[in-house]
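To start, the structure itself, in structure tokens.
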Amino acid sequence: MEIEIATIGGYEEVGRQMTAVRAGDDVVVFDMGLNLSKVLIHDNVETERMHSLDLIDMGAIPDDRVMSDIEGDVQAIVPTHGHLDHIGAISKLAHRYDAPVVATPFTIELVRQQIEGENKFNVGNDLVKMSAGETMSIGDQVEMEFVNVTHSIIDAINPVVHTPEGAVVYGLDKRMDHTPVIGDPIDMKRFREIGREGNGVLAYIEDCTNAGRKGRTPSESVARRHLKDVMTSVEDYDGGIVATTFSSHIARVTSLVEFAKDIGRQPVLLGRSMEKYSGTAERLGFVDFPGDVGMYGHRKSVDRTFKRIMNEGKEKYLPIVTGHQGEPRAMLTRMGRGETPYELDEGDKVIFSARVIPEPTNEGQRYQSEKLLGMQGARIYDDIHVSGHLREEGHYEMLDALEPEHVIPAHQDMKGFAPYVDLAASKGYQLGRDLHVTRNGNMIQLVD
């Protein structure tokens with residue numbers, strides 16, 4: 001059976017992920033993501049109102065026109081998890097394919113919301129839920145399996161396409177978390193089985209985000225302990241404390257809510273995306289927040305809440321807000337600019353339970369945000385976080401577990417690929433033979 005892989009997006013940058021795997025006449029597309037930094041450098045861009053071709057030209061979504069060169073029919077569009085760099089272009093591109101979107105329940109619900117907010121295209125693809133551990137048929141000879149992984153968002157999986165020539169494992173994005181705060185540990189037992197079943201693993205496509213960092217990525221339980229230590233240390237402070245994290249990081253938000261209660265403060269979730277992700281997770285039963293936890297996304301509701309906090313006393317509340325990357329319209333950025341009723345005073349604490357995404361736009365915006373907060377007297381507690389991506393030893397373990405015949409680095413630019421290439425080379429892989437460093441828009445023929 002002919003096997004080829006189209007590397008469409010995410011092979012020259014972190015963002016706008018999209019990969020297609022063709023096995024015979026059947027094609028599976030993994031991810032259709034948005035490169036948010038390409039949007040943020042423009043003022044007041046509303047992607048939901050824009051045409052896909054304009055977003056492609058902007059470099060914001062994958063240029064999927066290479067799909068016309070693939071001889072086969074798309075049978076499924078499979079986002080691995082709910083981050084925008086993996087689902088943000090589905091509302092712009094999925095309607096071009098007569099195929100269902102297949103994903104885990106939380107991811108499917110986020111995709112549904114993304115499609116409902118679309119103003120340019122009528123996306124009518126079926127939305128199919130499939131949980132980790134389940135399989136589905138792709139054509140007559142191919143099967144797709146979801147393997148549970150742990151990441152900085154709940155309900156993440158790595159899909160595996162089982163073909164007569166061996167398995168193709170799409171390895172974006174994960175860390176090896178054996179003690180997660182929410183959900184099951186990464187299923188390393190299943191990965192090891194896949195590596196030794198039938199014809200083994202034909203190809204492994206891997207996220208290289210942290211490949212240059214030594215050691216292993218700590219568990220979310222480590223971040224939880226760090227966060228508890230920081231929040232306990234400011235328990236006696238009688239002024240304002242504000243926290244920010246990734247709104248999609250439900251495990252971290254849950255910890256913030258719990259520890260706010262422990263130090264005698266009322267947690268309040270503020271910001272559109274904070275309300276969206278946490279509200280969806282609670283509605284689907286992934287979390288159960290205390291009944292008095294408010295979630296407010298609309299700006300008027302947020303400002304009313306800020307006024308109530310100021311009237312009743314900042315020492316009684318913990319606002320958990322969007323804006324850890326310094327996004328121009330996010331809550332924390334507006335607070336730093338003095339555009340909300342919440343007034344920061346000398347000595348007030350701002351807890352960043354997130355790390356700045358290493359990309360120039362984000363780094364510049366985060367720097368500006370911290371300076372504005374500092375000018376109002378805020379004290380910054382930074383980097384209370386663990387990454388959602390494998391470090392060097394995690395990558396080493398995955399190559400040991402899968403023993404893939406071919407390796408394809410992804411989710412980085414050429415500089416970011418280099419540490420992973422060195423690691424793979426130390427395991428006996430060779431550039432141009434079975435280690436394929438590629439770019440957006442290329443095709444890799446694995447089996448003729």
Side-chain angles (χ1 to χ4, degrees), residues 6 8-10 15-22 25-36 38-40 42 44-130 136 138-139 144 153 155 157 159 247-248 272-273 275-277 279-281 283-284 297-298 329 440-441:
I8 303 167
R16 60 169 176 168
Q17 318 303 326
M18 185 172 174
T19 302
V21 175
R22 180 176 74 86
D25 295 326
D26 299 311
V27 180
V28 181
V29 173
F30 296 124
D31 292 331
M32 286 181 174
L34 176 73
N35 188 345
L36 194 57
K38 296 292 187 180
V39 176
L40 290 175
H42 300 277
N44 299 318
V45 168
E46 296 182 11
T47 57
E48 62 272 14
R49 299 184 184 277
M50 293 182 66
H51 197 282
S52 56
L53 293 177
D54 294 326
L55 288 165
I56 287 170
D57 289 342
M58 188 190 288
I61 66 173
D63 186 349
D64 70 336
R65 288 172 285 195
V66 67
M67 289 292 292
S68 61
D69 297 330
I70 297 178
E71 296 178 1
D73 297 320
V74 175
Q75 303 291 346
I77 298 164
V78 184
T80 55
H81 61 278
H83 283 150
L84 282 177
D85 62 331
H86 294 257
I87 68 168
I90 289 177
S91 61
K92 297 297 180 183
L93 301 177
H95 66 282
R96 303 184 190 188
Y97 306 97
D98 184 17
V101 179
V102 183
T104 56
F106 185 66
T107 306
I108 277 289
E109 184 55 31
L110 296 176
V111 169
R112 187 191 313 279
Q113 294 175 28
Q114 196 81 17
I115 289 172
E116 287 174 355
E118 171 63 26
N119 289 320
K120 199 75 178 174
F121 300 105
N122 182 23
V123 180
N125 303 64
D126 289 339
L127 303 182
V128 177
K129 296 176 186 175
M130 187 167 118
M136 72 177 292
I138 303 291
M144 180 175 66
I153 189 170
D155 224 13
I157 52 92
S247 53
S248 60
R272 277 195 314 164
S273 59
E275 180 186 44
K276 167 186 163 183
Y277 285 104
T280 299
R283 196 166 62 252
L284 295 181
H298 193 277
R329 295 189 292 275
N440 296 338

Query raised in the report: Salt bridge or not for Asp64 and Arg96, using N-O below 4.0 Å?
Result: yes
Query raised in the report: Hey, does Asp155 have a side-chain heavy atom less than 4.5 Å from the side chain of His81?
Result: no
Report task. Determine the minimum heavy-atom distance between Arg49 and Lys120, stating which atoms define it. Result -> O-CD, 3.7 Å
Report task. Quick one: closest heavy-atom pair of Met130 and Val102, and the distance? Result -> CB-CG1, 3.9 Å
Query raised in the report: Do Met32 and Ile87 have side-chain heavy atoms sitting under 4.5 Å apart?
Result: no
Requested in this report: Might you point out which heavy atoms bring Ala89 and Gly33 nearest each other, and give the distance in Å?
Outcome: CB-O, 3.4 Å
Query raised in the report: Do the non-hydrogen side-chain atoms of Lys92 and Glu118 ever get within less than 4.5 Å of each other?
Result: yes
Query raised in the report: Please walk me through it: do Val101 and Asp126 pass side chain to side chain contact (heavy atoms under 4.5 Å, CB included)?
Result: CA-CA 6 Å; Val101 179; Asp126 289 339; over 6 Å; no
Query raised in the report: Without hydrogens or angle criteria, can the side chains of Tyr97 and Asp73 be said to hold a donor-acceptor pair below 3.5 Å?
Result: no
Report task. Could you check if a side-chain atom of Thr107 sits within less than 4.5 angstrom of a side-chain atom of Pro79, using non-hydrogen atoms only? Result -> yes
Report task. Check for a donor-acceptor pair, side chain of Asn125 on one end and backbone N or O of Ala94 on the other, with a separation under 3.5 Å. Result -> yes
Requested in this report: Please say whether more than 12 non-hydrogen atoms of neighbouring residues, nucleotides or ligands are located less than 6.0 Å from CG in Asp98.
Outcome: no
Query raised in the report: Under 3.5 Å, is there a donor-acceptor pair between the Gln75 and Asp26 side chains?
Result: yes
Report task. Kindly compute the distance separating CE (Met18) from CG (Asp85), expressed to the nearest 0.5 Å. Result -> 14.5 Å
Requested in this report: Show your working on salt bridge (charged side-chain N to carboxylate O under 4.0 Å, His left out) between Glu109 and Lys129 and close with a plain yes or no.
Outcome: CA-CA 9 Å; Glu109 184 55 31; Lys129 296 176 186 175; 5.9 Å; no
Requested in this report: State the CG-CG distance between Leu55 and Leu93, to the nearest 0.5 angstrom.
Outcome: 9.0 Å
Query - Test item: side-chain donor near acceptor, Gln113 and Thr280, under 3.5 Å - result: yes
Query - Gap separating the CG atom of Leu84 from the CD atom of Gln17, nearest 0.5 angstrom - result: 12.0 Å
Report task. State whether a side-chain donor-acceptor pair under 3.5 Å links Arg272 with Ser247. Result -> no
Query raised in the report: What heavy-atom pair brings Gly88 and Ser91 nearest, and what distance separates the two atoms?
Result: O-OG, 4.2 Å
Query raised in the report: Relative to each other, are the rings of Tyr277 and Phe106 parallel, tilted or perpendicular (30° and 60° limits)?
Result: tilted
Query raised in the report: Of all heavy-atom pairs between Gly10 and Asn440, which one has the smallest distance, and what is that distance?
Result: N-OD1, 3.3 Å
**Report entry** Minimum-distance pair of heavy atoms, taken over all atoms of Ile77 and Ala99
**Finding:** CD1-O, 4.4 Å
Requested in this report: Answer whether the closest heavy-atom distance between the side chains of Leu127 and Ile115 falls below 4.5 Å.
Outcome: yes
**Report entry** Other residues, nucleotides, ligands: >12 heavy atoms within 6.0 Å of Asn122 CG
**Finding:** no
Requested in this report: Would you give the length of the straight line joining atom CD1 of Ile61 to atom CD1 of Ile90, rounded to the nearest 0.5 angstrom?
Outcome: 11.5 Å
Query raised in the report: Take atom NZ in Lys276; do more than 12 heavy atoms of anything else shown fall under 6.0 Å from it?
Result: yes
Query - Side chains of Thr19 and Val29 in contact at under 4.5 Å (non-hydrogen atoms) - result: no
Requested in this report: Compute the centroid of each ring, for His51 and then for Phe121, and state whether the two points are separated by less than 6.0 Å.
Outcome: yes
Report task. Supply the atom-to-atom distance Met58 CE to Ile56 CD1, rounded to the nearest 0.5 angstrom. Result -> 11.5 Å
**Report entry** Straight-line distance of Arg22 CZ to Asp69 CG, nearest 0.5 Å
**Finding:** 11.5 Å
Query raised in the report: Would you call Val27 and Val21 a side-chain contact if the rule is heavy atoms closer than 4.5 Å?
Result: no
